[in-house]
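Fair warning: this is a prediction, and the values are worked out from it, not measured in the lab. Below, chains carry the letters A, B, ... as their sequence lines are ordered, and counting in each starts from 1. Any value given below was found using the heavy atoms of this structure, including those in side chains, with hydrogens, waters and symmetry copies removed.
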Amino acid sequence: MPLITYREAIKQALAEEIEHDENVCIMGEEVAQYNGAYKVTEGLWEKYGDKRVIDTPISEAAFSGLAIGASCLGIRPVVEMMFMSFSYVAIDQLFNNASFCRYMSGGLMNVPIVVRGPANGGTNVGATHSHTPENMVANHPGLKVVCPSNAYDVKGLMKTAIRDNDPVFVMENTLLYGEKWEVPEEEYLIELGVANILREGSDLTIVAHGRCAMIALKAAETLQAQHGINVELVDLRSIRPLDEETILNSVKKTGRALLVEENKPFCGVDAQISHLIQLKAFDYLDAPVHRVSAIDAPQIYAKPLEDWQIPNEERIIEGALKCLA
Amino acid sequence: MPAAKKKSTTKGSPAENFLQAPINANLSSEEKRDLYRTILGIRRFEERSLQAYNQGKIGGFLHLYIGQEAVAAGVVSLMEENDHIITAYRDHGHALAVGMSMNECMAEMYGKHTGCSKGKGGSMHFFAPEKNYWGGHGIVAGQTPLGAGLAFALKYKGLKGCCVCFLGDGAVNQGSFMETLNLVSLWGIPVVFVIENNGYSMGTSLARSSAEENLAHRADGFDIEWDVCEGHDVFEVREYANRAMTRAREEMKPFLLEIRTYRYRGHSVADANHEKYRTKEEIEEYKKNKDPINVLKAQLLADGSLTEEDAGKINLEVKSEAEAAAKFAEQSPVAPRSEIQTDVYWEVDNDTSNSLKGTYFFND
Ligand SMILES: Cc1ncc(C[n+]2csc(CCOP(=O)(O)OP(=O)(O)O)c2C)c(N)n1
Ligand SMILES: [Mg+2]
């Protein structure tokens, strides 16, 4: 199987879907002629032209709303946010119109758009460029959100997101763009709402999503090698819909859970998952559920401190040891 | 107010002669009576809804369109197969004009299952996509990028049509609208923005909210053609809107049309203070000289397409239709509680394979 980057996997998904459906178009700042701020869309404009790959002015509210309006008539726009942080100036469009129009119309409308872009910290750019709003998205019934942790997942989930008839956010990660994974050449899709067990184990369940799943994978190897702790790692992939069953089955097996995410802890995704575990696997727990999240402050600029603020291997190992104490 | 420097180059008929403009002169007597019926129907429907609101049968807000009826009726009467409209929360007039039934609209305000949105949207959120009517939006100017998107889709698909997106004089000061003006001009999108300038945004007069009172002039900053007209004469509305809509369809260009109109009632029915921020005389003056129903009636009586008898008959018909709608709404059931969690996700509602995996709703 070819090894390709996370970036290349997204590009392949976009290109395949542009070819698959004439109504799919990509829009966003610098996506066409400049080849994408992070080169995710490199070459697509050259190949598919102005109609399918569209540069926008710096007007997130206008082009998000435009995409929503267009989707009502069957266009399937994939909207790139240069950073998910910038979606905040389009909150009314995304969090009122994309999420609620279907409901407020009693089911007469649907909004098949994809909103994609990097949603991560760890890049030494300060608080305005480091948001991880998957929890905010998941808080809006009507929206769906996925956080792919690797190239294989991002390709399969992106393609599914584009074909889905509801609005789907795909949260990418700039720190993963250059990383490589094996991705098959033949076409595949990954269903929303299906978690992936990245590693089977018996002592402790770690639940993570996005890049944190990859960090947790490394931590799990260290925990095995240095502490003899056998970790089962559940990569959520999809936040809403959520694969509750896989989480619960794993926790019931191991009796312990550590929840890892880059979100700030208050009302983070793992707050919901923690509730789920205590409600539905209470009798199986041998220890309290622990969490490793971003340290609760605006994202700090200074690199050594930011590297400590968001979950890293060391903090995950510390959290795991607490679960087993 | 300074005189408007008309940027629009499209020629129209002389101001006093709108009934003779080709777009109106070709109307049959029946079509003219239909316009009268639409305008009168909106008025009677809203009067009846006001009564229901005052009886506590309608909750939330009730933004009445009374006084502005000729704007929606005029524009909608020009819609062709691939034309679409979208508006804000003052949406009853547009809904009835596109042909939504009084029953479904009234029932929606009553929060009933038989309402156009099954009681999930309320007065501000009426939708009828099959009639090319896309709401009904509660956030000021939030509908303006959507209107651009509907028109974008027409262009993308190579369809000849336009989207008319209505907004208020207060809405022009929202960033989303200004962003959208730039975008539609840049991309050549066939959207007509109609500013229904009724002089007030809630309790704030135009002079207290917009630095440049000629709202249409903003189009100049985005290289968009614009025009200004009065909204009490449905034939004037049709003449100006026709120019804008035709141009959008033919040339794939946006247009900004400011229509000067007036609302008789408060911002919403909860706005009991509306005689504090404007004078009684101002309201009476408009009612006396520019009431869209009276103006149209006089024109139709004069040109012989309507008799007093016809007018009386139409009045009785729409009044009893509104009365029947209230009864229908009253007698309709509220949706069952299980409906709270439907119409959230298309894939779930349609029971597709995409909806089989994972949890979509997080109940306690
Ligand atoms: C973003 C936002 N801010 C404030 C409001 C509250 N609000 C509703 S209508 C309105 C006035 C809008 O006036 P205008 O655009 O002139 O429309 P009109 O009510 O006259 O039809 C205000 C302030 C809102 N709905 N949305
Ligand atoms: Mg107003």
Side-chain angles (χ1 to χ4, degrees), chain A residues 23 25 51 54 56-75 77 89-90 92-93 96-97 99-112 138 141-142 144 160 163-166 191-195 238 240-245 272 275-276 279, chain B residues 84 86 108 115-122 125-130 134-139 142-154 156-157 163 175-176 179-180 182-184 186-187 189 341-350 352-362:
Chain A
N23 287 319
C25 59
K51 182 173 178 189
I54 308 163
T56 66
I58 310 160
S59 305
E60 283 81 0
F63 68 74
S64 302
L66 179 139
I68 294 164
S71 77
C72 295
L73 292 180
I75 310 301
V89 303
D92 175 46
Q93 294 306 320
N96 269 322
N97 289 341
S99 50
F100 301 153
C101 274
R102 174 167 185 77
Y103 196 70
M104 293 192 303
S105 66
L108 297 175
M109 277 171 76
N110 65 305
V111 179
K144 299 176 178 176
T160 304
R163 295 183 190 193
D164 197 279
N165 284 311
D166 294 305
E191 292 168 301
L192 307 186
V194 181
S238 170
R240 187 173 186 142
L242 180 70
D243 185 351
E244 296 190 329
E245 202 182 321
Q272 177 68 27
H275 166 74
L276 168 75
L279 187 69
Chain B
H84 296 260
I86 184 167
E108 184 60 30
C116 47
S117 300
K118 306 182 193 167
K120 297 179 179 185
H125 308 112
F126 289 180
F127 294 83
E130 82 289 355
W134 297 93
H137 293 268
I139 298 298
Q143 78 281 14
T144 56
L146 301 191
L150 291 162
F152 173 91
L154 295 172
Y156 190 96
K157 293 182 160 184
C163 176
S176 58
E179 286 184 22
T180 302
N182 179 58
L183 201 57
V184 297
L186 191 68
W187 290 359
I189 291 184
Q341 286 182 318
T342 63
D343 302 321
V344 180
Y345 294 104
W346 188 95
E347 301 282 354
V348 175
D349 295 332
N350 289 278
T352 63
S353 60
N354 285 1
S355 68
L356 296 176
K357 300 286 168 60
T359 302
Y360 279 82
F361 297 99
F362 297 82

Next on the checklist: Please classify the contact of B:Phe361 with chain A as side chain, backbone, both or neither, using a heavy-atom distance under 4.5 Å.
Outcome noted: both
Checklist outcome for this item: Rounding to 0.5 Å, atoms NZ (B:Lys157) and CD1 (A:Ile75) come to a distance of 5.0 Å
Checklist entry - How long is the span from the CG atom in A:Asn97 to the CD atom in B:Gln143, to the nearest 0.5 Å? => result 8.5 Å
Checklist entry - Is there a side-chain contact between B:Lys357 and A:Glu191, using heavy atoms and a 4.5 Å cut-off? => result yes
Item to check | Any donor-acceptor pair under 3.5 Å from A:Glu244 side chain to B:Gly358 backbone | outcome: no
Checklist entry - So, B:Ser176 side chain and A:Ala62 main chain: donor-acceptor pair closer than 3.5 Å or not? => result no
Next on the checklist: So, taking the atom named OH in A:Tyr103 and the one named CD in B:Gln341, what distance separates them when rounded to the nearest 0.5 Å?
Outcome noted: 8.0 Å
Checklist entry - Given that the side chain runs from C-beta out, which part of B:Leu186 has a heavy atom under 4.5 Å from chain A: side chain, backbone, both or neither? => result side chain
Next on the checklist: Contact between A:Glu60 and B:Glu179 at the side-chain level, heavy atoms closer than 4.5 Å - yes or no?
Outcome noted: no
Next on the checklist: Using heavy-atom distances under 4.5 Å, tell me whether B:Tyr345 contacts chain A through its side chain, its backbone, both, or neither.
Outcome noted: both
Item to check | Side-chain touch B:Glu347/A:Asp164, heavy atoms, less than 4.5 angstrom | outcome: yes
Checklist entry - Which bit of B:Leu150 is near chain A, if near means a heavy-atom gap under 4.5 Å: side chain, backbone, both or neither? => result both
Checklist entry - Within a strict 4.5 Å, meaning less than it, do heavy atoms of the A:Leu73 and B:Tyr156 side chains meet? => result no
Next on the checklist: For B:Trp346, is there any backbone N or O sitting under 3.5 Å from a side-chain donor or acceptor partner on A:Asp166?
Outcome noted: yes
Checklist outcome for this item: Closest heavy-atom pair, A:Cys101 versus B:Leu146, reported as atoms and distance to 0.1 Å, is SG-CD1, 4.5 Å
Checklist outcome for this item: Checked B:Leu154, B:Ile139, B:Val344 vs chain A; the most non-hydrogen pairs under 4.5 Å come from B:Val344
Item to check | Test item: B:Phe152 and A:Ile54 side chains (from C-beta on) under 4.5 Å apart, heavy atoms | outcome: yes
Checklist entry - So, do B:Pro145 and A:Gln93 sit near enough that their side-chain heavy atoms are less than 4.5 Å apart? => result yes
Checklist entry - So what's closer than 4.5 Å to chain B heavy atoms on A:Thr56: side chain, backbone, both or neither? => result both
Checklist entry - Is any side-chain heavy atom of B:Thr359 closer than 4.5 Å to a side-chain heavy atom of A:Asp243? => result no
Next on the checklist: Given heavy-atom pairs under 4.5 angstrom as the criterion, report whether the side chain, backbone, both or neither of A:Asn110 touches chain B.
Outcome noted: side chain
Next on the checklist: Please report the interatomic distance CZ(A:Phe63) to OG1(B:Thr180), rounded to the nearest 0.5 Å.
Outcome noted: 11.5 Å
Next on the checklist: Do B:Asp349 and A:Arg102 have side chains that approach each other closer than 4.5 Å (heavy atoms only, starting at C-beta)?
Outcome noted: yes
Checklist outcome for this item: Of B:Cys163, B:Ala151, B:Ser353, B:Gly149, the largest count of non-hydrogen pairs under 4.5 angstrom with chain A goes to B:Gly149
Checklist entry - Which answer fits B:Thr144, side chain, backbone, both or neither, if we ask what part of it has an atom under 4.5 Å from a heavy atom of chain A? => result neither
Item to check | Nearest non-hydrogen partners of B:Phe127 and A:Leu108, listed with the distance | outcome: O-CD1, 3.7 Å
